[in-house]
Amino acid sequence: MGRQTCLLGLLALVITGKCTYSPEPDQRWMLPPGWVSLGRVDPEEELSLTFALKQQNLERLSELVQAVSDPSSPQYGKYLTLQDVAELVQPAPLTLSTVQKWLLAAGARNCHSVTTRDFVTCWLSVWQAELLLPGAEFHRYVGGPSETHVVRSPHPYQLPQALAPHVDFVGGLHRFPPTSSLRQRPEPQGVGTVGLHLGVTPSVLRQRYNLTAQDVGSGTTNNSQACAQFLEQYFHNSDLTEFMRLFGGDFAHHASVARVVGKQGRGRAGIEASLDVEYLMSAGANISTWVYSSPGRHEAQEPFLQWLLLLSNESTLPNIHTVSYGDDEDSLSNVYMQRVNTEFMKAAARGLTLLFASGDTGAGCWSVSGRHKFRPSFPASSPYVTTVGGTSFRNPFFITNEVVDYISGGGFSNVFPQPSYQGEAVAQFLKSSSHLPPSSYFNASGRAYPDVAALSDGYWVVSNRVPIPWVSGTSASTPVFGGILSLINEHRILNGRPPLGFLNPRLYKQHGAGLFDVTHGCHESCLNEEVEGQGFCSGPGWDPVTGWGTPNFPALLKTLLNP
């Protein structure tokens with residue numbers, strides 16, 4: 001049946017479901033551990049679904065990102081506005097009208113688009129949604145530490161073939177909210193009586209990364225930073241106040257978050273939510289801070305996707321965003337990852353710096369047809385974000401040089417090819433590393449990550465008014481690095497420069513100047529005879545465990561201040 005015939009029968013397809021295709025055939029369905037089904041959802045219940053519409057001019061968008069992010073380009077720092085991005089990527093008129101007719105015919109209501117017009121979110125009853133998306137069957141599930149309720153379909157959905165040129169995917173059907181990999185480690189043993197510190201605090205970080213009491217925001221710029229949270233967790237301002245009382249006495253800082261985007265619940269504070277806010281605001285001290293919070297969303301929405309919609313709908317946003325969200329690449333559909341990657345390109349074109357945690361499972365491990373392979377994480381593996389790995393002090397009680405934190409996520413993408421900006425660094429690593437795993441375990445031509453690192457081991461966090469020691473994970477290193485970049489943005493803005501924007505092309509061109517190179521240690525991987533639990537190992541220069549290294553603030557400021 002030809003596409004023209006399909007278009008003519010579009011309204012009938014809502015009812016008959018014939019002439020269909022699967023937009024996400026490779027989206028893995030697996031009920032996460034700890035989640036249970038509560039059964040089918042009432043057919044009359046209302047759902048909110050998000051439709052990702054096909055965009056235009058993506059090659060041009062990629063060229064513009066390269067131009068505004070490369071210091072040697074005359075376009076460097078000349079970022080696009082949200083309206084510029086919208087005019088470039090918004091769907092074709094035929095796409096907009098075709099999808100609108102399809103949704104209206106199905107009874108969709110209260111449809112809202114974003115400024116870039118490439119996402120549409122609509123409300124439908126369950127029975128309408130199941131007719132609209134043949135194969136879908138909506139069930140309610142409960143799980144996670146917060147006993148979260150979500151509505152998802154355990155079966156793949158189909159779309160009319162006529163929509164193939166117009167729709168990338170439908171959000172709110174398969175992907176579950178992520179779970180935190182943050183862990184509280186046991187206190188290290190063998191402590192001498194004269195230890196310099198008993199865990200990582202803002203003063204420890206400021207000493208290690210050479211920040212003085214004067215290295216804080218000026219309070220005179222429109223500089224801002226943000227962290228995004230998708231774990232159904234809340235932070236409490238009272239915890240931030242107590243944290244700063246205990247640990248923030250020797251530097252100027254803000255006492256509260258400037259803006260919460262989303263709904264803050266009244267439940268107990270979550271350790272990860274507390275950690276993000278406390279360390280972003282103590283590393284990037286005295287800088288206006290936003291928190292993107294997912295609680296309060298509708299059960300059928302995907303929190304991470306909702307954050308991406310917010311980025312496409314706000315003309316004024318913080319310069320730095322730190323995110324501790326990640327999934328295994330193999331658990332997500334290719335079309336979903338490619339589209340999310342495009343959303344990161346849109347952010348890069350606007351001069352936003354997106355920092356993602358590299359993950360807490362080292363190189364990862366999974367079995368494919370009986371063969372073990374490393375397991376890369378997304379969005380850590382996106383070529384358009386800056387990914388942050390993790391380190392530990394060589395001696396956990398002394399402010400020493402750093403070594404690899406064995407959990408630090410890193411490796412090579414199986415989805416995204418290696419971007420040109422890192423080709424030289426990766427080739428040097430592959431040529432010089434004396435501890436390379438067998439080549440069958442990783443895709444040496446894929447995007448390699450992380451790009452940078454910071455301490456990820458042994459943090460103090462205040463949550464529900466209680467100081468909690470030895471909290472560890474790249475969820476800690478990411479806001480620390482983000483806060484330090486915010487301080488550099490502060491200097492750039494005061495000097496009449498644009499914010500840093502997408503950092504990677506500059507970072508690799510400057511060969512990690514301004515960073516402490518981490519050269520000792522390996523991260524974890526498959527526990528089998530072939531690799532014996534060892535993934536990649538760090539070494540001089542860039543490596544897929546700690547990237548280019550950890551921040552040395554005065555040197556990094558000097559490197560990144562001009563142009």
Side-chain angles (χ1 to χ4, degrees), residues 3 6-7 10 13 19-29 47-62 65 85-86 88-103 106 108 111-122 124 129 132-136 152-153 156-175 300-313 327 329-349 378-379 381-385 413 415-416:
R3 181 168 292 165
C6 276
L7 277 167
L10 190 56
L13 286 173
C19 192
T20 61
Y21 77 105
S22 175
E24 299 184 83
D26 52 343
Q27 175 64 52
R28 196 178 72 198
W29 167 260
L47 287 179
S48 171
L49 296 175
T50 298
F51 302 84
L53 276 53
K54 294 272 189 193
Q55 299 151 311
Q56 300 191 97
N57 303 315
L58 297 187
E59 282 192 20
R60 177 63 182 147
L61 178 64
S62 175
V65 170
V85 173
L88 187 67
V89 305
Q90 68 182 13
L94 179 61
T95 291
L96 294 170
S97 62
T98 301
V99 173
Q100 183 183 33
K101 288 174 185 174
W102 174 64
L103 291 170
C111 292
H112 298 283
S113 189
V114 292
T115 303
T116 48
R117 304 188 74 187
D118 46 5
F119 286 107
V120 177
T121 301
C122 295
L124 304 98
L132 185 73
L133 307 169
R152 296 289 186 268
S153 170
Y157 66 98
Q158 302 276 312
L159 290 178
Q161 188 66 47
L163 290 178
H166 305 300
V167 176
D168 280 330
F169 67 87
V170 182
L173 278 95
H174 298 315
R175 289 166 283 274
Q301 290 174 344
E302 299 177 32
F304 180 64
L305 194 56
Q306 296 308 303
W307 175 69
L308 292 176
L309 266 67
L310 287 169
L311 295 189
S312 282
N313 216 28
D327 267 317
E329 276 188 347
D330 58 272
S331 74
L332 301 167
S333 72
N334 187 66
V335 71
Y336 173 82
M337 287 186 281
Q338 296 292 350
R339 175 56 185 263
V340 170
N341 194 52
T342 300
E343 298 308 304
F344 296 153
M345 286 170 60
K346 286 161 59 179
F378 179 81
S381 63
S382 165
Y384 291 99
V385 304
S413 175
V415 175
F416 300 101

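What's counted below: heavy atoms across the whole structure, side chains too, no hydrogens, waters or symmetry copies.
Nearest heavy-atom pair, Leu309 versus Val114, reported as atom, atom and distance to 0.1 Å: O-CG1, 3.8 Å. The heavy-atom pair separating Ala162 from Pro165 by the smallest distance is O-CD, 3.3 Å. In this structure, Val170 and Tyr157 approach most closely via the heavy-atom pair N-OH, 2.9 Å. Of all the heavy atoms in Pro23 and Val335, the pair that sits closest is O-CG1, 3.4 Å. Summarising the geometry of Val65 relative to Ala348, their closest heavy-atom pair is CG1-CB, 3.8 Å, with the distance given to 0.1 Å. Annotation for Pro91 and Leu96: closest pair O-CD1, 3.9 Å, computed over non-hydrogen atoms.
How far CG of Leu61 is from CG of Leu88: 5.5 Å, rounded to the nearest 0.5 Å. Note that the OH atom of Tyr21 and the CG atom of Leu163 stand 6.0 Å from one another [nearest 0.5 Å]. In this structure, CZ on Phe51 lies 13.0 Å from CD on Gln100, to the nearest 0.5 angstrom. Between the CG atom in Leu173 and the CG atom in Leu133 there is a gap of 6.0 Å [rounded to 0.5 Å]. Atom-to-atom distance recorded for Ser113:OG and Phe119:CZ is 10.0 Å, nearest 0.5 angstrom. If you take OG1 on Thr98 and NZ on Lys54, they are separated by 13.5 Å, rounding to the nearest 0.5 Å.
In this structure a side-chain-to-backbone donor-acceptor pair under 3.5 Å is present from Asp26 to Asn334. In this structure a side-chain-to-backbone donor-acceptor pair under 3.5 Å is present from Thr342 to Gln338. Judged purely by atom type and a 3.5 angstrom limit, Gln27 uses its side chain to pair as donor or acceptor with the backbone of Ser333. Of the possible donor and acceptor atoms, none in the side chain of Asp118 sits under 3.5 Å from a partner among the backbone N and O of Gln90. Remark: side-chain polar atoms of His174 are paired, donor with acceptor, to backbone N or O of Ser153 under 3.5 angstrom.
Judged by distance alone, the side chains of Tyr384 and Glu343 never bring a donor and an acceptor atom under 3.5 Å apart.
Looking at heavy atoms from C-beta onward, Asn57 lies out of side-chain contact with Val89 at the 4.5 angstrom threshold. Counting only heavy atoms from C-beta outward, the side chains of Asp327 and Phe304 never approach each other to under 4.5 Å. Looking at heavy atoms from C-beta onward, Thr116 lies out of side-chain contact with Gln55 at the 4.5 angstrom threshold. A heavy-atom distance below 4.5 Å is not found between the side chains of Leu311 and Lys346. Annotation: side chain of Leu308 is in contact with side chain of Phe344 (closest heavy-atom distance under 4.5 Å).
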* To do: Determine, step by step, whether Arg175 and Leu332 satisfy the side-chain contact (heavy atoms from CB on, under 4.5 Å) criterion, reporting the C-alpha distance in whole Å, the side-chain angles of both residues, the deciding distance to 0.1 Å, and the verdict.
  => CA-CA 8 Å; Arg175 289 166 283 274; Leu332 301 167; 3.6 Å; yes

* Residue pair Asp330, Arg28: steps toward the side-chain contact (heavy atoms from CB on, under 4.5 Å) verdict -> CA-CA 8 Å; Asp330 58 272; Arg28 196 178 72 198; 2.6 Å; yes

